[in-house]
Student: 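Okay, handing you the structure first.
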There are 2 protein chains.
Amino acid sequence: MKPGGPTLGTYREVKAEILARIRNRDWKPGEIIPGEVQLARQYGCARTTVNRALRELAEAGFVERKRRVGTCVLGGNAQEARFAIPPIRRDIERTGAAYRYELLRRSAGRPPRAIAILLKLGDGGLALQAKARHWAGPAIHQVEDCWINLETVPAAAAQAFGQGGANEWLLGLTAVTRVRHVCHAMSTNAQEAGELGLSPGAAVFVLERQTWIDGQVVAWVRLMHPAASYRLSAETAWEA
Amino acid sequence: MKPGGPTLGTYREVKAEILARIRNRDWKPGEIIPGEVQLARQYGCARTTVNRALRELAEAGFVERKRRVGTCVLGGNAQEARFAIPPIRRDIERTGAAYRYELLRRSAGRPPRAIAILLKLGDGGLALQAKARHWAGPAIHQVEDCWINLETVPAAAAQAFGQGGANEWLLGLTAVTRVRHVCHAMSTNAQEAGELGLSPGAAVFVLERQTWIDGQVVAWVRLMHPAASYRLSAETAWEA
DNA sequence: GAGTGGTCTAGACCACTCA
DNA sequence: GAGTGGTCTAGACCACTCT
């Protein structure tokens with residue numbers, strides 16, 4: 001046991017110790033830190049324990065690991081944010097406002113070209129569009145516009161979406177194997193403004209989600225929110 | 001060995017097998033799945049292996065685990081998106097556009113009340129504001145407005161930020177222990193529009209980041225982007 | 001008290017990648 | 001070929017939570 005190096009019994013302790021070294025700049029970005037075997041000896045624990053600590057630090061983006069090379073400290077420049085996207089109903093009820101769902105439009109048929117491409121629809125392929133509004137008391141909180149690929153999810157054709165939104169229904173499909181989210185801001189055109197109860201040109205926050213099952217596109221969903229009443233937030237903390 | 005239950009040797013196989021069962025609805029949302037010991041027997045592997053598979057499925061949000069109770073399948077309703085936030089310079093260069101940095105303002109002093117609160121500044125506490133623009137060729141791609149708590153990071157006072165932005169510098173601090181991101185859309189007022197080269201009222205995409213070191217606020221940063229030229233995207237895929 | 005997951009250990013073998 | 005991380009195993013004990 002080295003001075004200043006007491007026995008560390010758990011992977012959390014080991015993780016915290018290594019993280020502290022990195023934050024202290026004992027181990028600087030670009031450097032290779034000691035190997036698992038050496039650390040295990042130093043800390044008086046099993047290599048498995050050190051391994052788990054390092055694996056989690058790698059997942060969190062603090063280090064990078066390569067076989068035969070070792071574990072390398074990364075400089076913290078890239079950032080990642082994990083935003084939780086709660087079901088809209090819960091999101092609204094949480095604020096205390098009354099939730100109301102309103103279906104605006106539901107129709108199956110041949111979608112516009114842009115949508116057909118997003119859904120990777122075959123030539124005769126049909127899609128189901130379901131557009132709806134979610135109210136928070138007297139205010140419109142979200143307009144959802146869902147396009148569902150009926151080739152991939154024929155079951156959707158049987159859904160009326162009179163009570164609950166298509167987005168919600170889609171989220172209930174457990175089988176999804178891939179998800180892509182995009183968020184951005186937008187100025188509304190006249191129609192969008194009307195649907196959202198805003199003046200044309202008003203800023204909206206847009207969240208789009210595309211989902212797949214085994215390489216087949218399931219749906220493309222666009223969620224639009226008045227800029228003033230929607231935000232996504234994310235928080236990450238590491239042990240003190 | 002049960003029929004249809006071949007020996008699974010690795011935690012990845014076990015994970016895929018369990019995921020398949022969940023997607024198949026063999027195990028439905030709300031149900032408790034068999035315990036680790038039983039699964040290990042069934043798959044012919046060590047309990048540790050099953051444990052790792054289940055742990056990762058729990059991290060990914062497919063199941064929830066409770067001691068003495070068991071592992072419960074979750075219905076996939078909540079969503080999570082992990083957005084990568086690349087350093088702005090790289091983001092611009094990636095598009096092929098010429099990157100240019102322009103410092104607009106740098107001044108230390110007593111900040112406005114709202115900022116003082118965000119920074120948890122003491123009564124006499126000073127902050128450093130650094131506002132800058134990032135150009136992509138002829139277009140303004142981002143206006144960054146950084147407020148740095150000089151009590152927490154006195155070293156910032158020595159930085160001129162003439163060449164690189166304060167945001168970038170802040171990201172280089174490895175010691176940060178907590179990060180909070182918020183993103184939303186906004187209509188610009190006259191000043192913001194001017195700084196962004198847009199007409200007043202234009203939509204912008206705003207990303208805000210607040211960072212801490214051991215409970216002390218380090219900085220609050222607001223990054224504003226013309227709506228048309230910025231989007232965040234995230235993609236998650238699970239094994240087929 | 002009992003049953004579940006959470007973790008540690010010691011040892012082993014494998015996989016990748018560098019020289 | 002050699003050195004690193006990646007993973008599996010069998011067994012053990014602990015921590016939590018339900019009854």
Side-chain angles (χ1 to χ4, degrees), chain A residues 1 5-22 26-74 237-239, chain B residues 1 5-19 21-22 26-74 238-239:
Chain A
M1 216 57 45
T7 314
L8 303 179
T10 76
Y11 83 91
R12 286 168 197 280
E13 286 168 345
V14 173
K15 193 175 161 188
E17 166 67 18
I18 294 173
L19 196 45
R21 290 252 184 167
I22 292 175
D26 285 342
W27 294 331
K28 300 189 184 55
E31 283 182 15
I32 301 285
I33 75 177
E36 295 185 352
V37 200
Q38 190 178 332
L39 288 174
R41 256 201 316 266
Q42 206 172 114
Y43 297 145
C45 65
R47 180 167 74 100
T48 321
T49 306
V50 176
N51 180 277
R52 176 152 183 199
L54 287 173
R55 193 202 317 145
E56 295 198 353
L57 287 172
E59 263 171 35
F62 289 102
V63 300
E64 182 175 318
R65 320 194 68 200
K66 264 189 270 181
R67 278 158 156 149
R68 160 77 212 198
V69 177
T71 299
C72 172
V73 180
L74 297 177
W238 301 277
E239 29 264 275
Chain B
M1 215 59 47
T7 314
L8 302 179
T10 75
Y11 83 92
R12 285 169 199 279
E13 286 168 342
V14 173
K15 194 176 161 187
E17 165 68 18
I18 294 173
L19 195 45
R21 290 250 186 170
I22 292 176
D26 285 342
W27 292 330
K28 301 190 184 56
E31 285 182 17
I32 301 284
I33 73 177
E36 295 185 352
V37 199
Q38 189 177 335
L39 288 173
R41 255 201 317 265
Q42 205 170 116
Y43 297 145
C45 64
R47 183 171 70 105
T48 320
T49 305
V50 175
N51 180 277
R52 175 150 184 202
L54 287 173
R55 193 201 318 144
E56 296 197 354
L57 287 171
E59 263 171 36
F62 290 100
V63 300
E64 181 175 318
R65 319 195 70 201
K66 264 190 265 177
R67 278 159 157 150
R68 161 76 211 196
V69 177
T71 299
C72 172
V73 179
L74 296 178
W238 301 276
E239 28 264 276

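Letters A, B, ... mirror the listed sequences (proteins, then strands); counts begin at 1. A quick note: this is a predicted structure, and the numbers were derived from the prediction, not measured.
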Student: Using the side-chain heavy atoms of B:Arg68, tell me which of these nucleotides is nearest: D:dT7, D:dT17, C:dA10.
Tutor: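 Looking only at heavy atoms from C-beta outward on B:Arg68, the closest nucleotide is D:dT17.
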Student: With sugar-phosphate meaning primed atoms plus P, OP1 and OP2, does B:Thr48 contact a base, only sugar-phosphate, or nothing at under 4.0 Å between heavy atoms?
Tutor: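 Since a base atom lies under 4.0 Å of B:Thr48, the category is base.
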Student: Going by the salt bridge (charged side-chain N to carboxylate O under 4.0 Å, His left out) test, name the single residue among A:Arg67, A:Arg55, A:Arg47 that passes it with A:Glu36.
Tutor: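 Running salt bridge (charged side-chain N to carboxylate O under 4.0 Å, His left out) over A:Arg67, A:Arg55, A:Arg47 with A:Glu36 returns exactly one hit, A:Arg47.
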Student: Determine yes or no for a side-chain-to-main-chain donor-acceptor pair under 3.5 angstrom, with A:Glu13 supplying the side chain and A:Gly9 the backbone.
Tutor: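 Judged by distance alone, yes, a pair lies under 3.5 Å.
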Student: Would one find a side-chain N or O of A:Thr49 under 4.0 angstrom from OP1 or OP2 of C:dT9?
Tutor: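 Indeed, a polar side-chain atom of A:Thr49 lies that close.
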Student: Atom CG of A:Leu54 to atom C1' of D:dT4: distance rounded to whole Å?
Tutor: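 That distance rounds to 12 Å.
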Student: Expressed in angstrom and rounded to an integer, what is the separation of A:Arg55 atom CZ from C:dT7 atom C1'?
Tutor: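 The distance from CZ of A:Arg55 to C1' of C:dT7 comes to 12 Å, rounded to the nearest Å.
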Student: Looking at A:Arg47 and D:dT7, is any side-chain donor or acceptor paired with a base atom of the opposite kind under 3.5 Å?
Tutor: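 Answer yes: a donor N or O sits under 3.5 Å from an acceptor.
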Student: Would you say a side-chain N or O of B:Tyr11 is under 4.0 Å from OP1 or OP2 of D:dT7?
Tutor: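 Indeed, a polar side-chain atom of B:Tyr11 lies that close.
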Student: How many whole angstroms separate atom CG of A:Asn51 from atom C1' of C:dC14?
Tutor: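 My rounded result for the distance is 14 Å.
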Student: Using atom CG of B:Leu8 as one end and atom P of D:dT7 as the other, report the distance to the nearest whole Å.
Tutor: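 Going from CG in B:Leu8 over to P in D:dT7 covers 16 Å.
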Student: Watson-Crick or G-U wobble partner for C:dC16, using a 3.5 Å limit on both distances?
Tutor: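 C:dC16 is paired, partner D:dG3.
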Student: Pick the closest DNA chain C nucleotide for A:Cys45 and for B:Glu36 by heavy atoms, then say which residue is nearer the 5' end.
Tutor: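 Mapping each residue to its closest nucleotide by heavy atoms, the 5'-most match is B:Glu36.
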Student: B:Glu59 has an atom CD; how far is it from atom P of C:dG6, in whole Å?
Tutor: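 To the nearest whole Å, that distance equals 11 Å.
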Student: Can you tell me which residue among B:Asp26, B:Ile32, B:Ile22, B:Ile18 is in a side chain to side chain contact (heavy atoms under 4.5 Å, CB included) with B:Val73?
Tutor: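 Exactly one option meets the side chain to side chain contact (heavy atoms under 4.5 Å, CB included) with B:Val73, and it is B:Ile22.
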Student: From CD1 of B:Ile32 over to P of D:dT17, roughly how many Å is that when rounded to an integer?
Tutor: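 Taking atom P of D:dT17 as the reference, CD1 of B:Ile32 is at 14 Å.
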Student: How many angstroms lie between SG in B:Cys72 and CD in B:Glu31, if you round to the nearest 0.5 Å?
Tutor: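 That separation rounds to 9.0 Å.
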Student: Using whole Å, report how far CD of B:Gln38 lies from C1' of C:dG5.
Tutor: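 About 15 Å, once rounded to whole Å.
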Student: Is there a side-chain contact between B:Thr71 and B:Leu57, using heavy atoms and a 4.5 Å cut-off?
Tutor: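 Result no, sub-4.5 Å side-chain heavy-atom pair not found.
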Student: Ignoring backbone atoms, test whether A:Arg52 places a side-chain nitrogen or oxygen under 4.0 Å from the OP1 or OP2 oxygen of C:dC8.
Tutor: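 For A:Arg52, the contact criterion (side-chain N or O under 4.0 Å from OP1 or OP2 of C:dC8) is not met.
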Student: Does A:Arg67 have a side-chain nitrogen or oxygen under 4.0 Å from the phosphate oxygens OP1 or OP2 of D:dG3?
Tutor: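 False: A:Arg67 side-chain N/O out of range (4.0 Å or more) of D:dG3 OP1/OP2.
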Student: If I take atom CD in residue A:Glu64 and atom P in nucleotide D:dG6, what distance separates them, rounded to the nearest angstrom?
Tutor: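 A:Glu64 atom CD is separated from D:dG6 atom P by 11 Å.
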